[in-house]
Amino acid sequence: MPELPDVEGFRRVLAAHTGEPITAVDVLDAGVLRGVTARALGDALRGRRFAEPRRHGKWLIAPAGGPVLLLHFGMTGSLTWHDPAEPRHRHDRVVWRLPDGELRYRDMRKLQGVHLDDAEQMLADLGPDALEVSRRDLAELLSHRRGRLKSALTDQTVIAGLGNFLADEICWHARVNPLRTASDLDAAELTALHRALRRVLRDSVEARRVPPRRDWLTGVRDDPGAACPRCGTPLCSRRVSGRRTVWCPVCQPS
DNA sequence: TGAAATGTTATCGC
DNA sequence: TGCGATAACATTTC
């Protein structure tokens, strides 16, 4: 799940529960703790209050009056608010208990995890957040890339926040082939790509995910014999930089 | 049973 | 130095 829109949704979950004291931190699976022990995490946060959280790319940054909590959700993570009476899920790994409920960090695969106080280190190599990238920024960022457009868009050191689904969706909306060399796009293509990025991100943030709409690529890409929602042509698919990439050979000619 | 899954990182080769 | 491919991490699903 978690690309920029999902993490922005988690940020809003946390933002709705700032200002209340953290009464306890339950570490149910220390396998998601990165560079911090369960004891140190609890000692640092107990009695503190979450302040307004930030997001950069796929990172959620949660200051807590001194200590800073950093969450990354990998491919399967989430952060949700629950009544304490609600049974915990098998994949709930860390729980922050507040007076009126609790925040649960759930993650099946445990590919990423929970950090404390190393924001500068974790965020140092990230490019600008995808929501903050202007058309001019995008042109500049792509102009230095010799590799494929798909690879550049999903490289967090170039632009932070875009993942496999978003990158394909944006290319499809822009009618640009994701296998193109990133620095080869002309002015019209860069304009189309930037407009697609804005539109796809806006709608996805509103939906708190990349919506699986049938009139979007994301809604059909896993269908057997998937066809382009715009023109009905069978979609093409291959691995690019280790990720499955889907595009329409008619709308997005090479 | 094997392959693939929305992420990131280290490593190897060109 | 940059980039592509690959494996690895952990777990589930088709």
Side-chain angles (χ1 to χ4, degrees), chain A residues 1-11 27-35 55-60 70-80 89-94 105-115 118-119 121-127 129-130 141-172 178-184 197 200-201 203-205 207-213 216-226 235 237-247:
Chain A
M1 250 198 300
E3 299 183 63
L4 184 155
D6 311 79
V7 180
E8 177 60 20
F10 305 148
R11 191 193 69 76
V27 175
L28 309 173
D29 183 343
V32 298
L33 301 185
R34 305 295 151 109
R55 181 193 54 72
H56 191 109
K58 303 170 190 174
W59 284 93
L60 179 57
L70 282 117
L71 302 177
H72 196 296
F73 299 90
M75 289 171 86
T76 53
S78 63
L79 185 73
T80 47
H89 186 277
R90 180 154 58 113
H91 298 136
D92 288 338
R93 311 295 187 186
V94 181
Y105 175 87
R106 180 176 302 177
D107 188 20
M108 181 179 76
R109 288 172 69 181
K110 301 189 283 187
L111 293 176
Q112 297 295 321
V114 175
H115 302 243
D118 50 1
Q121 193 183 332
M122 303 317 297
L123 307 179
D125 292 332
L126 293 182
D129 187 82
L141 291 165
L142 295 180
S143 69
H144 302 292
R145 288 259 133 185
R146 291 182 298 162
R148 299 185 188 282
L149 177 60
K150 170 67 178 273
S151 303
L153 291 176
T154 54
D155 185 335
Q156 302 301 295
T157 69
V158 176
I159 300 172
L162 306 183
N164 199 38
F165 280 7
L166 276 176
D168 285 359
E169 190 67 54
I170 289 165
C171 289
W172 181 79
L179 305 185
R180 293 272 302 282
T181 298
S183 56
D184 279 353
L197 180 138
V200 169
L201 280 182
D203 287 4
S204 298
V205 166
R208 298 189 173 215
R209 62 190 294 197
V210 186
R213 296 165 49 164
W216 279 25
L217 185 69
T218 302
V220 305
R221 59 180 292 158
D222 291 329
D223 291 357
L235 294 171
S237 171
R238 60 162 275 195
R239 297 189 84 78
V240 176
S241 305
R243 319 300 300 177
R244 191 166 74 100
T245 298
V246 178
W247 73 96

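Lettering follows sequence order; numbering is per chain, from 1. Excluded from the calculations below are hydrogen atoms, water molecules and symmetry mates; all remaining heavy atoms, backbone and side chain alike, are included.
- Within the nucleic acid shown, A:Arg34 has no heavy atom closer than 4.0 Å to any nucleic acid atom.
- Taking atom C1' in both C:dC3 and B:dT6, the straight-line distance is 23 Å, to the nearest Å.
- OP1 or OP2 of B:dT8 has at least one side-chain nitrogen or oxygen of A:Gln156 nearer than 4.0 Å.
- Toward the 5' end of DNA chain C, the nearer of the two residues A:His91 and A:Gly147, judged by each one's closest nucleotide, is A:Gly147.
- In this structure, A:Tyr105 places its OH atom 14 Å from P of C:dA10, rounding to the nearest Å.
- Pairing for B:dT6 is absent, with no Watson-Crick or G-U wobble pair whose two atom distances lie under 3.5 Å.
- Residue A:Leu111 places its side chain closer to C:dC9 than to any other of C:dC9, C:dT11, C:dA5.
- Taking atom CG of A:Leu153 as the reference point, atom P of B:dG7 lies 13 Å away to the nearest angstrom.
- Between A:Phe10 and A:Pro2 there is a side-chain heavy-atom pair separated by less than 4.5 Å.
- Checking the phosphate oxygens (OP1, OP2) of C:dG2, no side-chain nitrogen or oxygen of A:His144 falls inside 4.0 Å.
- Salt-bridge formation is detected for the pair A:Arg213/A:Asp203: a Lys NZ or Arg NE/NH1/NH2 atom is positioned less than 4.0 Å from an Asp or Glu carboxylate oxygen.
- Straight-line distance from the CZ atom of A:Arg221 to the P atom of B:dA5: 8 Å, rounded to whole Å.
- When each of C:dA10, C:dT12, B:dT8 is scored by its nearest atom to the side-chain atoms of A:Lys110, the top-ranked nucleotide is C:dA10.
- Across all strands shown, nothing is found opposite C:dA10 as a Watson-Crick or G-U wobble partner with both distances under 3.5 Å.
- In this structure, A:Arg239 reaches the B:dA5 phosphate: one of its side-chain N or O atoms is under 4.0 Å from OP1 or OP2.
- Between C:dA5, B:dA5, B:dT8, one nucleotide has an atom nearer to the side chain of A:His72 than all others, and that is B:dT8.
- As a whole-Å value, the separation of A:Asn164 CG from B:dA4 P is 14 Å.
- Relative to the side chain of A:Arg109, the nucleotides C:dA5, B:dT8, C:dA10 differ in distance, and C:dA10 lies closest.
- A:Asp155 pairs with exactly one of A:Lys150, A:Arg148, A:Arg145 by the salt bridge (Lys or Arg N to Asp or Glu O under 4.0 Å) rule, that one being A:Arg145.
- What you find for A:Ala130 and A:Leu197 is that their closest heavy atoms are O-CD2, 3.6 Å.
- Listed nucleotides: C:dT12, C:dA5, B:dG7. Nearest to the side chain of A:Arg90: C:dT12.
- Here the P atom of nucleotide C:dT12 and the CE atom of A:Met108 are 7 Å apart, to the nearest Å.
- In the set C:dG2, C:dG4, B:dA5, the nucleotide with an atom closest to the side chain of A:Arg244 is B:dA5.
- Summarising the geometry, the separation between CG on A:Asp29 and C1' on C:dC9 is reported as 13 Å, rounded to the nearest angstrom.
- Residue A:Arg145 places at least one side-chain N or O under 4.0 Å from the OP1 or OP2 atom of C:dC3.
- A sub-4.0 Å separation between OP1 or OP2 of C:dG4 and a side-chain N or O of A:Ser151 is present.
- Contact of A:Arg148 with C:dG4 (side chain to base): no donor-acceptor pair of N or O atoms is detected under 3.5 Å.
- In this structure, A:Lys58 reaches the B:dT8 phosphate: one of its side-chain N or O atoms is under 4.0 Å from OP1 or OP2.
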